[in-house]
Amino acid sequence: MKKNKFIVVEGIEGSGKTTACKKIKKFLILKKIKKVIILRQPGSTLISEKIRSIIKYKNKNEKLNLYSELFLLYSARLQLLENIIKPELKKGSWIICDRHNLSSISYQGGGRGININIIKNLSKITDKIAKPDLTIFFDVKPKIGIKRILLRSKLDRIEKESLFFFSKVRKFYLKYLSLISEKIIIDANHKLKKVFKLTKKKLYNWLKKFK
C-alpha cells in the first residue's frame, strides 16, 4: 500500500458501525497495514469526550439548543482533527473514524431540520484540515435499527429519538452519499457475520486500486 488513508464509518443507530470499525481494523492489519487507529466522533480527545457527554446525555435543568448541539459537534470534531487525525496522518497512520461530517449533515440537517448551508460551511472548515478518503455507510432500515438499540440496557439522548427522526436522518444520508465519489454502501439489515463478509469483499476491492 503506497499511502495511508482516512476512512469514515457512518450509519444510523443500530447499524452496527461501531462493531464494524473494530472488524475493519482487524481486516486492514491482516492486509499488512501496521498502524491503524480507531477514533469516534464526538470524542477521542479529553475535550471532545467532555463535549460528547453534554451531547449524549440529558441535563434535567437545561435543554440543549439545536444550534448549540451543532456547534458543539464541530468543536469536538476540530479538536480531534487538529490533535489526533492530522498529526497521525502525517506519521503514516491509517485512521478509522466512527462518524464525521456526514453525520452532522444527516442528523442535524435531516433529523433536526437545521439549514443545510450552515452545516456545509462548517464542514468546509474541517475539510481544510483533513478530508476522508473513503466513507463506508452501513445502511439499516430505521425499524430494524431501533429494534436493535432497544436491546441495550441504557439509551442515550440520541438513541431515544423517534422512528420518524431516524427515517429523516437515513433519507439525508442517502441523498448526500450520492455526492461522495469514494464510498462503500453496505446492506446492514442482515446478521453481523453476513454484513461484515460483504464489507470485507467491498473494502478489498477498494484497496486493490492503490496497489
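These numbers come from the heavy atoms of this one structure, side chains and all, not from hydrogens, waters or symmetry mates.
- The existence of a salt bridge linking K56 and D156 is confirmed by a sub-4.0 Å separation between a basic side-chain nitrogen and an acidic carboxylate oxygen.
- Taking CG of L207 as the reference point, atom CD1 of I33 lies at 5.5 Å (rounded to 0.5 Å).
- The line from OG1 of T199 to CD1 of I184 is 8.0 Å long, rounded to the nearest 0.5 Å.
- Under a cutoff of 6.0 Å and an axis angle of 45°, K201 and Y204 do not form a cation-pi pair.
- Using modelled atom types, one side-chain atom of S106 and one backbone atom of L102 make a donor-acceptor pair closer than 3.5 Å.
- Between K17 and E10, no side-chain nitrogen of the basic residue sits less than 4.0 Å from a carboxylate oxygen of the acidic one, so the salt-bridge criterion is not met.
- The line from OG of S44 to CG of N83 is 11.5 Å long, rounded to the nearest 0.5 Å.
- Taking the charged nitrogens against the carboxylate oxygens, K168 and E161 have no contact shorter than 4.0 Å, which rules out a salt bridge.
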Practice item. I would like to know whether L150 and I146 meet side-chain contact (heavy atoms from CB on, under 4.5 Å); could you show each step before the answer? Key: CA-CA 6 Å; L150 288 175; I146 289 173; 3.9 Å; yes

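- Residue L192 holds its CG atom at 13.5 Å from NZ of K197, rounded to the nearest 0.5 Å.
- I158 is connected to L66 through a chain of hydrophobic side-chain contacts under 4.5 Å among Ile, Leu, Val, Met, Phe, Trp and Tyr, so both are in one cluster.
- Looking only at side-chain heavy atoms (C-beta outward), L78 and I129 come within less than 4.5 Å of each other.
- Using a 4.5 Å heavy-atom cutoff, the side chains of D139 and Y173 are not in contact.
- Within the cation-pi definition used here (under 6.0 Å to the ring centroid, within 45° of the axis), K141 does not qualify as a partner of F166.
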Exercise for review: Dump the intermediate steps for side-chain contact (heavy atoms from CB on, under 4.5 Å) on F137 and S15, then the final yes or no.
Suggested key: CA-CA 9 Å; F137 176 61; S15 63; over 6 Å; no

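- Annotation: side chain of E49 is in contact with side chain of R40 (closest heavy-atom distance under 4.5 Å).
- Taking all atoms of both residues into account, the shortest heavy-atom contact from I149 to G14 is CG2-N, 3.6 Å.
- Clustering ILVMFWY residues whenever any of their side-chain heavy atoms sit less than 4.5 angstrom apart, transitively, puts L198 in the very cluster that holds V9.
- By the 4.0 Å N-to-carboxylate-O rule, R148 lies too far from E159 to be salt-bridged with it.
- Ion pairing between K63 and E69 fails under the 4.0 Å rule for side-chain N and carboxylate O.
- The aromatic rings of W206 and F210 stand perpendicular to each other, their planes meeting at an angle above 60°, with 30° marking the opposite boundary.
- A distance of 7.5 Å separates CD1 of I96 from CD1 of I136, quoted to the nearest 0.5 Å.
- The shortest side-chain heavy-atom distance between L64 and R157 falls under the 4.5 Å cut-off.
- Paired with E13 under the rule salt bridge (Lys or Arg N to Asp or Glu O under 4.0 Å), one option of R99, K147, K143, R152 passes, and it is R99.
- For the atom pair NZ (K120) and CD1 (I118), the distance works out to 12.5 Å, reported to the nearest 0.5 Å.
- Proximity of T19 to F196: side-chain heavy atoms (C-beta onward) are nowhere separated by under 4.5 Å.
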